[in-house]
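Inspection log for the structure reproduced underneath, given as C-alpha cells.
Residue numbers start from 1 in every chain, and the chains themselves are labelled A, B, ... in the order their sequence lines are given, proteins ahead of strands.
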2 protein chains.
Amino acid sequence: MRQVPAKLASKLYGAAELIAERGLADAKVDEIADAAGIPKATLYYYFTGKDEVLAFLLADMLGLIAGEVGTAASAPGSARDRLESAVEAQLAVMLDHPAVCRALVGDLGRATRLPELAAALQEAFHRPIASLLAEGVSDGTLRLVEDPGAVALSIFGAITVTGLSAAVDGSSNDSAKDAARIAASICDLMLNGLATTPANPEGDR
Amino acid sequence: MRQVPAKLASKLYGAAELIAERGLADAKVDEIADAAGIPKATLYYYFTGKDEVLAFLLADMLGLIAGEVGTAASAPGSARDRLESAVEAQLAVMLDHPAVCRALVGDLGRATRLPELAAALQEAFHRPIASLLAEGVSDGTLRLVEDPGAVALSIFGAITVTGLSAAVDGSSNDSAKDAARIAASICDLMLNGLATTPANPEGDR
DNA sequence: TCATATCTTGAACTCCCAGTACAAACTATG
DNA sequence: CATAGTTTGTACTGGGAGTTCAAGATATGA
C-alpha cells in the first residue's frame, strides 16, 4: 500500500456508507470508486484491491482512537478520571464514524488478519488502560485487580460492542452527547459494579 | 435455506477452521465443501451459497449460546450467582467452538445483516440478562442500575470480546477451565467494580 | 527552460470462480 | 411398486476483480 495522500484518504470515507450497507463482497470496485469520487484506476494505483481500502480505513480509525485515548489517558488528573475520559474518547470517535464502524465489523476479516488486529489492539489500548489501572492503584483511586490485562480487555469489549450497537442502530443528531451518556453508563458499571455486598477479600470463588 | 439435517450440520463445523483461517472471500466453495466432507452440489442443494453456510453456523451458535445462557439464568439460586453462571456459560460455548467464532467475526456481514443480528441478540441475551438484573434487585443480591439495557449490553460486550480474543489467540487444552478463569475475572469486574470509594449516591457526575 | 520522475486516468482485456442447470442414481415411505 | 424427495457428478456461463498499457498531467530540481 502506497503512502495515501490526505485528500484521497478523506474521500475514501465517502465509500464507508456503501460498504457498510451492502458489504464488501457485494459492493463492486467501480461502485466504491464512484462513492469515493475517485477513478477506479486511481484506486488501484494506491491499493491492491478493495480489501486494502478497508484495511486503510481500519488503520486510520485505530490511529484516531489510539490518539484520543492516549491523550485522555496521559492528561492530568486522577487515574480514575482519566479512565473515564478514555472511555468517552473511544466512544466519541466511534460515534463520529458510524459507517466506518459498521463497514469494519461487517468485513473485519478482509481488513486485517485477526491475530494482527489483536496484537495492534493490545498495543494501542490494553496497554494504556492497563497502565492506567496501575496508576490508579498508586494514586488510590482504583483498586488492585488480579489480572489487569483481562480487565482492560473487558473494558475495551464493553466500549466497543456498545459503540458498535449505537453505530448500527443509527443515531441521534448529537453524537458527542450520546458518547457522554453511554460512557457514563459504562463507567458506572466498571467503577461501582453491580454487587450489593462488598467484595469478599478472600476472593470471589 | 432448507431444513438442514443434523448430520450435515455437524459436518459444516468441519469447514469452520478453513473459513476462519482464510476468510470467506478467499475460501472457494469447492474447498469449503471438501473441508466439510460433502459434495458441492449437495451444499448448493441446501444453501444458496457460502454466505448461507456461515449464516447457518451463526444461527446454530446463537441457538446454542441462548440455550445455555437461558438455562443458567433460570436455574435456582440468587440472581447474582445465576449471572455468574450465565457469563461462564456463554464463554464455555465460545471456547468450545473457537474456529466458528473466528470465522464469524471475520465475515460477520456475510452471515447476517447487522441490524438483524442486533435484534436477535437483544432477544437472546440482553433481555435475559436484563431480567436477571431486575431479579437481583428484588432478591437483594444486585444493586439497581439506571439503564439495565445498557448494562446488559456492556456485559455482553465484555464477554464476547474477551471470548473472541481467547478464540483468536488459540487455546490451551482445557477450554472449560479457561472459560471458568475468564468468567471469574469478568464477574469480579462487573460485580465489584474498580472504584476504591463507594458509589456516590447522587450519581457519578 | 528542459528533463525526469511520479501521479492520474481511461479503456480494453483476461481469467477465475460463484452459482446454475440438469440428469442419473439413490432412498424413503406409504 | 410408485411417487416424492434427496444426493451427487459434470458441464456450463456470466460477472466482476484485478491487470495492462499508454497518454496526459503535475511536480521536482538542475
Distance in angstrom units between [X] [atom1] and [N] [atom2], rounded:
X	N	atom1	atom2	answer
B:Lys50	C:dC17	NZ	P	9 Å
B:Asp30	C:dC17	CG	P	9 Å
A:Glu31	D:dG15	CD	P	14 Å
A:Glu52	D:dT19	CD	P	11 Å
A:Leu54	D:dA17	CG	P	14 Å
B:Ile38	D:dT7	CD1	C1'	11 Å
B:Ile32	C:dC17	CD1	C1'	12 Å
B:Lys28	C:dA18	NZ	P	8 Å

With sugar-phosphate meaning primed atoms plus P, OP1 and OP2, does A:Phe47 contact a base, only sugar-phosphate, or nothing at under 4.0 Å between heavy atoms?
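Contact class for A:Phe47: none.
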Any luck finding a side-chain donor-acceptor pair between [X] and [Y] under 3.5 Å?
X	Y	result
B:Ser78	B:Asp139	no
A:Thr160	A:Gln90	yes
A:Asp96	A:Ser175	yes

Measuring to OP1 and OP2 of C:dC7, would you say a side-chain N or O of A:Tyr45 lies under 4.0 angstrom away?
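Yes, such a contact exists.
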I want to verify a distance call: between C:dT8, D:dA17, C:dG19, whose nearest atom is closest to the A:Tyr44 side chain?
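For A:Tyr44, the side-chain atoms sit closest to D:dA17.
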Closest to the A:Thr42 side chain: C:dT8, C:dG10, D:dT8?
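For the A:Thr42 side chain, the nearest candidate turns out to be C:dT8.
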Select from B:Asp51 and A:Ala41 the residue whose nearest nucleotide in DNA chain C is closer to the 5' end of that strand.
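On the 5' side of the pair lies A:Ala41.
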Are any of the side-chain nitrogens in B:Asp107 or B:Arg22 under 4.0 Å away from the carboxylate oxygens of its partner?
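Salt bridge absent between B:Asp107 and B:Arg22.
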Nearest-0.5 Å distance that lies between atom CG in A:Asp147 and atom CG in B:Asp188
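Nearest 0.5 Å value for the CG-CG distance: 10.5 Å.
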Should the pair A:Phe156 and A:His126 be assigned to parallel (<30°), tilted (30 to 60°) or perpendicular (>60°) ring geometry?
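The arrangement is perpendicular - the two ring planes meet at more than 60°.
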Partner set under side chain to side chain donor-acceptor pair (under 3.5 Å) for A:Ser172, not counting sequence neighbours
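Partners of A:Ser172 under the side chain to side chain donor-acceptor pair (under 3.5 Å) test: A:Asp178.
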Interface with DNA chain C, restricted to residues 2-26 of chain A and to heavy atoms under 4.0 Å
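Heavy-atom contacts with DNA chain C come from A:Arg2.
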Between the base of D:dG18 and the side chain of A:Lys40, is one N or O donor paired with an acceptor at under 3.5 angstrom?
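Result: at least one qualifying N/O pair found.
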